[in-house]
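The structure appears right after this line, and notes come after that.
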Amino acid sequence: WELDNQDIVYCFSPFFGEDWANFDLLASKVARSLKTGGKFVLDLFDWNSMEVGTSFQEWQFPKPKNKIILSKYKRNERKIVCKRQLVLPDFETKEFELYWRIFDREELLEIMTKAGLKLIHECYNFDLNKQASWQPQLTKQRLVVVFEKI
């Protein structure tokens, strides 16, 4: 993390800083690496729009199509739990769990403000003309927020 040399950092949240308990430290590191006026783009997916207790399942054939991924998601109060099963070509299976942190708007703004960042834009589904909503909608769109280093 070099200091003051980045124009933009894009955070694909589920795989960014797996230690969500220390997200405030990670946000501070990102802020220190940005130039003044630099942007921190945080992709929160649509987890915020899911009601607590909601669950859904999905399956995928990622390329190359030599495996199947089965996933079951459940929204808890403060995190998404994903139980995933990977089916390989020889029908061997591997199972694992993933966890993604859920931030409410106030909590995220507090973390970013302490890091020296200010909110400049919220958008849904990468449409800069739609204002984000942090209320439960089950839209399956993307919630992306943009912060700027002060």
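Bear in mind that the values here come from a model prediction, so they are computed numbers and not experimental data.
- In this view, Asp90 and Leu88, Glu92 satisfy the side-chain contact (heavy atoms from CB on, under 4.5 Å) rule, not counting sequence neighbours.
- In this structure Lys72 satisfies the salt bridge (Lys or Arg N to Asp or Glu O under 4.0 Å) test with no other residue, sequence neighbours excluded.
- To the nearest 0.5 Å, atoms CG (Asp4) and OG (Ser33) are separated by 8.5 Å.
- Listed here is the closest heavy atom pair of Lys149 and Arg32: NZ-O, 3.8 Å.
- Contact check on Asp7 versus Lys35 returns a salt bridge, with a Lys/Arg side-chain nitrogen under 4.0 Å from an Asp/Glu carboxylate oxygen.
- A distance of 11.0 Å separates CG in Leu117 from NZ in Lys39, rounded to the nearest 0.5 Å.
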Q: Show the numbers, then the answer: is there a side-chain contact (heavy atoms from CB on, under 4.5 Å) between Phe147 and Val9?
A: CA-CA 10 Å; Phe147 295 90; Val9 172; over 6 Å; no
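- To the nearest 0.5 Å, atom CG of residue Leu44 and atom CZ of residue Arg105 are 11.5 Å apart.
- Residues Ile8 and Tyr10 share a single hydrophobic cluster, defined by chaining ILVMFWY side chains whose heavy atoms lie under 4.5 Å apart.
- A single hydrophobic cluster is not seen to contain both Ile68 and Tyr73; linkage of ILVMFWY side chains at heavy-atom distances under 4.5 Å, directly or through other members, places them apart.
- Residues passing the side-chain contact (heavy atoms from CB on, under 4.5 Å) test with Asn76 are Lys74, Lys79, Val81, sequence neighbours excluded.
- Residues Val52 and Leu143 do not share a hydrophobic cluster, clusters being chains of Ile/Leu/Val/Met/Phe/Trp/Tyr side chains in contact below 4.5 Å.
- Taking Lys67 as the reference, nothing meets the salt bridge (Lys or Arg N to Asp or Glu O under 4.0 Å) condition, with sequence neighbours excluded.
- Residues Ala115 and Ala31 share a closest heavy-atom pair of O-CB, 3.1 Å.
- A search for side-chain contact (heavy atoms from CB on, under 4.5 Å) contacts involving Leu25 returns Asn22, not counting sequence neighbours.
- Looking at residues two or more places apart in sequence or on another chain, you find no ring-ring contact (aromatic ring centres under 6.0 Å, His included) involving Phe96.
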Q.
side-chain contact (heavy atoms from CB on, under 4.5 Å), that's the test. Do Met50 and Ile102 meet it? Break it down for me.
A. CA-CA 10 Å; Met50 292 177 65; Ile102 300 289; over 6 Å; no
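- Separation of atoms CD (Glu58) and CG (Leu70) is listed at 10.0 Å; rounding is to 0.5 Å.
- Looking at Val30, Leu119, Leu42 one by one, the single match for side chain to side chain contact (heavy atoms under 4.5 Å, CB included) with Met112 turns out to be Leu42.
- One distance of note links CZ of Phe23 with SG of Cys11; it measures 5.5 Å at 0.5 Å rounding.
- Judged by distance alone, with hydrogens and angles left aside, the side-chain atoms of Lys118 form no donor-acceptor pair with the main-chain N or O of Gly116 at under 3.5 Å.
- Put simply, CD on Glu148 and OG1 on Thr36 are 9.5 Å apart, with the number rounded to the nearest 0.5 Å.
- Linking Ile, Leu, Val, Met, Phe, Trp and Tyr whenever their side-chain heavy atoms come within less than 4.5 Å leaves Leu86 and Phe91 in two separate clusters.
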